Novice: 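Shown below is the structure under consideration.
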Amino acid sequence: MDNNLSPEHFHLIRKVLREGPQNAEDRPLKRKRRRVRDYGSNESKPAVTISIDSSSDPEPQAEVVDLDSPPESNYPEKDDDLEDDYGEEDYRSDEFEDVTEPATSDDIGDVSVTIESTSKKIKNNNRVKNLCSNEERRWRRYYHMAYLACLMVHGADVNEWVNNAKLLRRLSKLIPESLFSLLHPEKDEEMPLRSTRKLLDGLRKCMELWQKHWKVKRRYTGLEYYMRDWQEISGKPNLKRKFTEKDFVRQVLKGHGNCDLATQGFVALLRSCNVNARLIMSCQPPDFTNLKKREPTSTRDYSYESVFKYPIFWCEVWDKFSKKWITVDPTNLQTIEQVRNGSKLEPRGVSCCKRNLLRYVIGFDRKNGCKDVTRRYASWYNSKCRRRRITNNESGSEWFDKVIRALHRRKRTKIDDYEEEYFNQRDVDEGMPDNLQDLKNHPKYILEKDLRNNQILKPNCKECGYLNVGNGKQILKVYDRRDLIDLKSAKQWYMEGRVLKIGSRTRKKVMKSNRGARYKNTDGAPEEERLYSVEDTQVYNPPPASVPDGKIEVNAYGNIEVFTPTMIPANCCLIESPNAIKAAKFVAVEYARAVTGFKFERGNASKPIIGGVVVAKWFKDSVVSAIEGIEYVSETEEREKHELSALNDWNVLLMKIRIKRNLNLTYGNVQEQVEVESDEDQSSDEAPGGGFFPSANAHNEEAKPTAIDSDEAEYMDRDRMGGFKDGKKQTQELGNKSFESGGFIAPEKEKSATATEESTVEQDDNENYEQFMEELGFSDKE
DNA sequence: ATGGACTATGCAACTTTGTTGTTG
DNA sequence: ACAACAACTTTGTTGCATAGTCCA
């Protein structure tokens, strides 16, 4: 997840959705091994997963798990009554693990002792048992993202339905003139508050009107938009019936449907009389921070009211007088509020939050804007809400921003500024958390004990608050995160292209663990590492190359380190190409191999990555053209190889035809039968002579197409088609340096742009061909 | 009953310039 | 003899997030 937000990212999500969590195929070996070990110590997992799956929905996970799960024989008939056997099963699997090991030591007398220790172990192990595997964690994270993205796209879709012109026209007729004027009050210059009052009044009346309009209020049939836990996630979505815009419009006009629909209709109603109303959706993807393998058995059924007490959809109306958004929940709680420090819509209570965990509240406005307005509804956004969001790390928030940006289809307005200001104020008002947990990773505050090894507080900075721990037994100082300074060692700074300023003093000394010193002095004596802040460093200015001959200063290994662009000497440039070294050697100029990074491997060594060469600027052109030359040559070589194989195939084909003709001449015409035979021949053992196909590859490939990556397959496909008219493909790739070659058939003159050039080449080619055929003992004239 | 401190656990991050043998 | 390449290697420590437990 780390290389975020490339198309691969979405590809991965798609993959995740397709595969389910436990697909063992095409994973690095390393992972596989780790998982096997995991199962070894923890065998209850697969069995449980399977039984859950089979009891609820059949889903892809179930069958995949079968692939690499240990034999299930340990758990006879565990398919049903999962709940009841739950604890016992755990216990048993524990016992299996812990007892078998000592048992292999052939010492029977110790058994009683072993069991005793096991029972203790069980207690300890039991709590760890319920943590899901690393792989499952990643999968949950991706699933969470995919789920969230889908919800948000869905929200944007519904928002567009709400803007349906026909719907708005029909709905506007529901609003009487008096109500319309209430919704659009005049600005009261003396007391703007009075205008707001009027608007609120109008909204209340609208709400009442809407409640009358909405005749049939259906209950939810399932969990609908509410949060599922991981065991309820099934690989197969229910696509029985698609709810379309048409259905939506019809149902809203009729006033039939559940709470969600009613709210969406209400937004449409407000928009129909030109009120700036937002559709708000609280997205409820499954909780990726929940790493439990499965939920505890108890507390599974909640009453309808407690689960669906708080809405998923609601409405916000822009109040231009107070410059704030007004929150309206017309159906569930039926309230109107101006949110100050906490909202009534924020779900409270354990059972509620199991199904409705406020994390992503997204607003969709009438101009197709999309904004994250969670801040308004989460009273503890920074200390509690944040950590449950995917934005709790950098790559996650980048991703989230990208999704928002994709759905936000309007320009920024004044209203956005006001809202941002409001959110900032809310951040300030949230204040300091009153417990240790919430202070951990808090974006604004930090405890001294939570400082990283490489962090210090600004000298002489003052604490900004205190925290009571253990009922006032201890008082901890809380600091502002802005007083934090990140430190790095001189070497680390160098990796960022910075060196220490003269006379800078170390800010902190830490004991170096012997990780870095593995090769050097392995006597285990820990070394001291001096750390510095950014202010102690300056940008490294490498010595320039000597002027006439372009000699570059290199380090002890004969390289120059180029970790950042600033590390290239002023009068030099970096040429990044795998052929750069060869090229620089070829043109015999002064150069230095450029180390652009390091590669770490599981072994002991880390290898420098030579990303290219650094040469003086005045040598750049010659090196670049040398590289081009090298590339050109290698391309040509490749193509020649290809041509040769194509010609070879033609040779075989012609040979066959000749043999056939000779046979016909000698033994009379038995065309049909012979043809059939020869066909068979070709398809069976004469693979390489496959006529137009350049190589046996084609056949092999068809035999096992699945093993080949789709891209590659495509490439090979082209290749196969290429056969003898390959030249076309190459012309496209090489542009005007075209070689209409590879041919047996003279290339067509279709690309007349470079016709003259081509024709000469053609001739050459034909000559070549004839020559070649003669060499092979062929002659066309025969 | 609830919330928070504390603890065990496993995962992730960090590490920052090889060696030997075979083939062409 | 030399260059190019492949195979081998399968670490160790710290810090962090989470679940679960216990206690006020």
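So that the names make sense, note that chain A is the first sequence line, chain B the second, and so on, each numbered from 1. The figures here come from the full heavy-atom set of this structure, side chains too, leaving out hydrogens, waters and symmetry mates. These numbers were taken from a predicted model, which means no experiment stands behind them.
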Novice: Which atoms form the tightest heavy-atom contact between His442(A) and Pro433(A), and what is the distance?
Specialist: CD2-CG, 3.5 Å
Novice: Between atom CG in Leu131(A) and atom P in dT21(C), what is the gap in whole Å?
Specialist: 12 Å
Novice: Rounded off to whole Å, could you give me the CG-to-C1' distance for the Asn468(A) and dG4(B) pair?
Specialist: 13 Å
Novice: For the residue pair Phe598(A) and Phe563(A), categorise the inter-ring angle as parallel (less than 30°), tilted (30 to 60°) or perpendicular (more than 60°).
Specialist: tilted
Novice: Please output the side-chain donor-acceptor pairs of residues 585-592 of chain A that fall under 3.5 Å, not counting sequence neighbours, one pair per line with the distance.
Specialist:
none

Novice: Does a side-chain N or O of Asn435(A) approach OP1 or OP2 of dG4(B) to a distance below 4.0 Å, or not?
Specialist: yes
Novice: CD of Gln437(A) versus P of dT7(B): gap in Å, rounded?
Specialist: 14 Å
Novice: Nearest whole angstrom, please: distance from the C1' of dT17(B) to the CZ of Phe563(A).
Specialist: 10 Å
Novice: Which residues satisfy the side-chain hydrogen bond (donor to acceptor under 3.5 Å, both in side chains) test with Ser504(A), sequence neighbours excluded?
Specialist: none
Novice: Expected output is a numbered-order residue list: members of residues 580-589 of chain A with a heavy atom under 4.0 Å from any atom of DNA chain B. What is it?
Specialist: none
Novice: In whole Å, measure the gap between the C1' atoms of dT17(B) and dT13(C) for me.
Specialist: 22 Å
Novice: Can you give me the dot-bracket string for DNA chain C, 5' to 3', counting Watson-Crick and G-U wobble pairs with both distances under 3.5 Å, using [ ] for crossing pairs and | for partners on another strand?
Specialist: .|||||||...|||||||||||||
Novice: Atom CD of Glu561(A) and atom C1' of dT16(B): how far apart are they, to the nearest Å?
Specialist: 10 Å
Novice: Is Glu136(A) salt-bridged to Arg140(A), cutoff N-O under 4.0 Å?
Specialist: yes
Novice: Using side-chain hydrogen bond (donor to acceptor under 3.5 Å, both in side chains) as the criterion, list what pairs up with Tyr360(A), not counting sequence neighbours.
Specialist: His144(A)
Novice: Go through residues 438-453 of chain A and report each residue with a non-hydrogen atom lying under 4.0 Å from DNA chain C, sorted by number.
Specialist: Asn441(A), Arg452(A), Asn453(A)
Novice: Using a 6.0 Å distance limit plus a 45 degree cone around the ring axis, check whether Arg389(A) lies over the aromatic ring of Phe400(A).
Specialist: yes
Novice: Examine distances only and state if a side-chain atom of Arg355(A) and a backbone atom of Ser351(A) form a donor-acceptor pair shorter than 3.5 Å.
Specialist: no
Novice: The side chain of Asn559(A) lies closest to which of these nucleotides: dA5(B), dT17(B), dG4(B)?
Specialist: dT17(B)
Novice: Check side-chain hydrogen bond (donor to acceptor under 3.5 Å, both in side chains) between Glu496(A) and all other residues, then give those that pass, not counting sequence neighbours.
Specialist: Lys488(A)
Novice: Looking at residues 480-495 of chain A, who's got a heavy atom less than 4.0 Å off DNA chain C?
Specialist: none
Novice: When you compare dT15(B) with dA7(C), how far apart are their P atoms, in angstrom units rounded to a whole number?
Specialist: 30 Å
Novice: Look at Arg140(A) and dT18(C) and indicate whether a side-chain polar atom (N or O) is within less than 4.0 Å of OP1 or OP2.
Specialist: no
Novice: dA12(B) P sits how many Å from Arg141(A) CZ, rounded?
Specialist: 11 Å
Novice: For Tyr532(A), check ring-ring contact (aromatic ring centres under 6.0 Å, His included) against everything at least two apart and list the hits.
Specialist: none
Novice: Could you check how far CZ of Phe598(A) sits from P of dT15(B), rounded to whole Å?
Specialist: 12 Å
Novice: Run the ring-ring contact (aromatic ring centres under 6.0 Å, His included) test against Tyr310(A) and tell me which residues pass, sequence neighbours left out.
Specialist: none
Novice: Holding to ring-ring contact (aromatic ring centres under 6.0 Å, His included), I want the full list of residues that pass it with Tyr226(A), two or more places apart in sequence or in another chain.
Specialist: Tyr220(A), Phe308(A)
Novice: Which one, dT16(B), dA19(C), dG4(B), comes nearest to the side chain of Lys384(A)?
Specialist: dG4(B)
Novice: Closest to the Asn134(A) side chain: dA19(C), dA5(B), dC11(B)?
Specialist: dC11(B)
Novice: Taking dA13(B) as the reference, what is the distance to dT10(C) when you measure between their P atoms (whole Å, please)?
Specialist: 23 Å
Novice: I'd like to check the side-chain hydrogen bond (donor to acceptor under 3.5 Å, both in side chains) partners of Arg228(A); sequence neighbours left out, ordered by chain and number.
Specialist: Tyr147(A)
Novice: Look at the side chain of Arg138(A) and decide which nucleotide, out of dC6(B), dA12(B), dT17(B), has an atom nearest to it.
Specialist: dA12(B)
Novice: Side chain of Asp434(A) only, please: which of dC11(B), dA5(B), dG4(B) is the nearest?
Specialist: dG4(B)
Novice: Report the nucleotide, chosen from dG20(C), dA12(B), dT17(B), that has the shortest atom-to-atom distance to any side-chain atom of Lys292(A).
Specialist: dG20(C)
Novice: Is Lys344(A) salt-bridged to Glu346(A), going by a charged N under 4.0 Å from an acidic O?
Specialist: no
Novice: Considering only side-chain heavy atoms of Arg137(A), which listed nucleotide, dC11(B), dA19(C), dT16(B), is closest?
Specialist: dC11(B)
Novice: Output yes when a side-chain donor or acceptor of Asp480(A) lies under 3.5 Å from a complementary backbone atom of Asp483(A), and no otherwise.
Specialist: no
Novice: Rounding to an integer number of Å, can you tell me how far Arg387(A) CZ sits from dG4(B) P?
Specialist: 12 Å
